[in-house]
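Source: prediction; values computed, not measured.
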Amino acid sequence: MPFPPARRRFGRATALLLTPLLAVALTSCTTKAGTGDTGGDTAPRAGGTLTVALAVEVTTLDPSKGSANAMALVGSSIYDTLMVVPKLGDQPQPNLAKSLTASPDKLTWTMTLPTGVQFSDGTPFNAEAVKFNLERGMAKGSTAAALLSSVKSVEAPDETTVLLRLKEPFASLPYAFAYDGSGTAGYIASPTALKQHGDDYTAHAAGVGPFKLKSWSPGKPVELVRNPNYWNKDRQVYLDQVVIKTIADPQSAYQALQAGDIDLMSTVNPTLMQTAKADSQVNFVQGVGGDQDAVILNLAQPPFDDLRLRQAVSKALNRQEIVDLTTEGFGKPAVSLFPEGNAFHSTAADPGFDLAGAKALVKEYETATGRKATFSYTCNTIRPATDVIVAQLKAAGFDVKLDALDYSAWVAAFFGKKYQAICWTMAGFLTPDLLPYRFLYSGGDLNTGGFTDATFDARVTAARAESDPAKRKQLWNEADTVLTTQLPWVWTTSAPIGFIWSKRMHSADYDEPSRLRYSVPTFANAWVTN
């Protein structure tokens, strides 16, 4: 599978493992008004500062440790990516890497790199730097380890060549370097900075991206400035500076946008999206990508180690009612890993709404085990569907306690495996070989629910090695059938992403929603006007 050199295109290394609010505020600019819905087009102008607000704090910029949206937003700006998928449906293309080509047996991939590129700390970007980062990413405990699990070894025979020796063929390896969902394998950090600063690296993070780090410290804004030595001379970077702050409440962000203090935000809140869509003073577009909400069930402990109760959860959920009551017309019922429109979509589906059937399964479980069908449902405080889901589960006979947490505590509960059932989102993905694999494969680093199934593992392992698209689809469809039978995740609704921005904020990204496949937009293409 060759990926030969190609003409450079705008990168889109944005991602979504999680779905926090993002907002961008205009703090200064040097240009005039125009473009968008303001009544005329204006050419991009250089200058200005954007202030970005995230619902979660940027806690690390180490590519081997970061996987959340905050890391995606900042990481894509200071690192760029080795490969890129410009918009939904595209194949991976060379970006920082000049080419990535597989051997006939697909067990060796050759990556060629450019010359003359430097990290923002002044040290050289070369094959040894890529090798150093990939080996850190392959190490146990790294957030990139699952993406690189097929790699046996990495070699750097010369300054511009990296050889990846694989344990088994992995046809989707180029996607791993393009940033899909939450992976950071495509981010290359300065080995000098990593070695010199150790645990304090984040305050000194150095990459080769369009922006470079000016300052970071816990609890303080992250400040980025334009990288004057950015490697991609075909890509114009307009903003002088970006300041990233932690802002948790989506309604507050929208009010700030209305007041003129905020110029760009993304949100999964359907009420805000409906409001913005009807507001002539702002611009609105819905992103694409197939994000889907679900209830993850912890199979490693009671009561969901019992299949009957997992089936009962699926049958208790009236997905259409959830859509009607909580999505303001933006959502759709979700019933499987692959929504309609996804290239891997099939007829596989979770058990549908059947209240009588759910009640019968709950009663059967309680009679057989002598235990009540009791559990805690963990979710964050900004999910609009939570109350409806809890009410439907109670109507089926479940004794449900809602554990409503703030965003950070909710994320910590997921990664700490401290839940019986938890709301979560499967972010839109470029290929199931990456993000879904990490969540659902028995050895996946994000498989906190303890799902283990030999048939599923065998199908997805075979799919990862298969280069024929039709055969890969068949294997993943068979794997999805296992999911809809064993129900480690019970799907609920689609989770549309809305982007809202003021008349002063401009970016080619928002003219082409297929570029907006995650909830964290890149700002490398943005410019501002008065």
Side-chain angles (χ1 to χ4, degrees), residues 17-21 55-56 248-251 267-272 291-306 308-328 331 333-334 350-351 353-355 358-359 361-363 365-366 369 371-426 439 448-451 487-495:
L17 165 61
L18 314 175
T19 53
L21 166 79
V56 290
D249 179 51
Q251 188 61 49
T267 182
V268 296
N269 186 300
T271 300
L272 284 185
D291 287 19
Q292 294 194 122
D293 286 343
V295 179
I296 302 179
L297 303 175
N298 192 334
L299 278 60
Q301 59 178 265
F304 295 118
D305 56 346
D306 192 302
R308 289 171 295 192
L309 285 197
R310 304 199 297 272
Q311 293 171 332
V313 168
S314 186
K315 292 185 176 185
L317 296 180
N318 185 336
R319 295 162 177 85
Q320 188 60 54
E321 182 180 59
I322 298 171
V323 167
D324 294 342
L325 294 178
T326 67
T327 72
E328 299 284 353
D350 287 358
F353 177 57
D354 177 5
L355 185 57
K359 289 180 176 179
L361 286 166
V362 169
K363 184 176 181 180
Y365 168 83
E366 292 181 338
T369 65
R371 298 192 297 265
K372 291 283 291 179
T374 300
F375 70 96
S376 292
Y377 178 51
T378 302
C379 199
N380 63 63
T381 55
I382 64 173
R383 290 275 178 131
T386 301
D387 290 341
V388 176
I389 289 173
V390 169
Q392 290 180 353
L393 292 169
K394 288 183 176 180
F398 284 103
D399 179 13
V400 187
K401 174 189 175 184
L402 175 61
D403 187 16
L405 304 176
D406 65 37
Y407 205 92
S408 295
W410 167 65
V411 172
F414 171 81
F415 282 104
K417 305 180 183 180
K418 296 179 180 179
Y419 65 87
Q420 292 176 291
I422 191 169
C423 67
W424 205 255
T425 298
M426 177 69 76
F439 274 118
T448 63
F451 172 58
L487 301 168
W489 290 44
V490 175
W491 304 101
T492 57
T493 58
S494 64

Given 3.5 Å as the limit, does a donor-acceptor pair link the side chain of Glu328 with the main chain of Pro270, or not?
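Absent.
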
Looking at Gln420 and Phe304, would you say the former's side chain and the latter's main chain have a donor-acceptor pair under 3.5 Å?
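Here the side-chain-to-backbone pair does not exist.
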
Would you compute the distance between atom [atom1] of [X] and atom [atom2] of [Y] and round it to the nearest 0.5 angstrom?
X: Glu321; Y: Phe353; atom1: CD; atom2: CZ; value: 7.0 Å
X: Asp293; Y: Ser494; atom1: CG; atom2: OG; value: 8.0 Å
X: Thr374; Y: Lys401; atom1: OG1; atom2: NZ; value: 11.5 Å
X: Gln251; Y: Asn269; atom1: CD; atom2: CG; value: 7.5 Å
X: Ile296; Y: Leu487; atom1: CD1; atom2: CG; value: 13.5 Å
X: Leu299; Y: Thr448; atom1: CG; atom2: OG1; value: 11.0 Å

Who passes ring-ring contact (aromatic ring centres under 6.0 Å, His included) against Tyr419, sequence neighbours left out?
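In terms of ring-ring contact (aromatic ring centres under 6.0 Å, His included), with neighbours along the sequence ignored, Tyr419 is linked to no residue.
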
Which pair of non-hydrogen atoms, one from [X] and one from [Y], has the smallest distance, and what is that distance?
X: Asn318; Y: Gln392; result: N-OE1, 2.9 Å
X: Leu405; Y: Ala413; result: CD1-CB, 4.2 Å
X: Leu393; Y: Ala316; result: CD2-CB, 4.1 Å
X: Ala334; Y: Gln292; result: CB-OE1, 3.3 Å
X: Ala421; Y: Val295; result: CB-CG1, 4.0 Å

Do [X] and [Y] come close enough that some side-chain heavy atom pair is under 4.5 Å?
X: Val490; Y: Arg310; value: no
X: Trp489; Y: Trp424; value: yes
X: Val362; Y: Lys315; value: no
X: Thr369; Y: Arg308; value: yes
X: Thr386; Y: Asn380; value: no
X: Phe398; Y: Leu309; value: yes

May I ask you to check whether Arg319 and Ser314 show a side-chain donor-acceptor distance below 3.5 Å?
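Checked: Arg319/Ser314 side chains pair up, N/O donor to acceptor below 3.5 Å.
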
Could you go step by step and tell me if Ile422 and Trp410 meet the side chain to side chain contact (heavy atoms under 4.5 Å, CB included) rule?
CA-CA 9 Å; Ile422 191 169; Trp410 167 65; 3.5 Å; yes

Disulfide bond (SG atoms under 2.5 Å apart): pairs with one or both residues in residues 387-417, sequence neighbours excluded
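Pairs touching residues 387-417 that pass the test: none.
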
For Leu297 and Phe375: C-alpha separation, side-chain torsions, deciding distance, then whether side chain to side chain contact (heavy atoms under 4.5 Å, CB included) applies.
CA-CA 10 Å; Leu297 303 175; Phe375 70 96; 5.8 Å; no

Please walk me through it: do Lys418 and Asp403 pass side chain to side chain contact (heavy atoms under 4.5 Å, CB included)?
CA-CA 11 Å; Lys418 296 179 180 179; Asp403 187 16; over 6 Å; no

Side chain to side chain contact (heavy atoms under 4.5 Å, CB included) between Leu402 and Asp387, intermediate numbers included
CA-CA 9 Å; Leu402 175 61; Asp387 290 341; 4.3 Å; yes

Among Thr493, Thr492, Thr326, side-chain contact (heavy atoms from CB on, under 4.5 Å) partner for Ile389:
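Option passing the side-chain contact (heavy atoms from CB on, under 4.5 Å) with Ile389: Thr492.
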
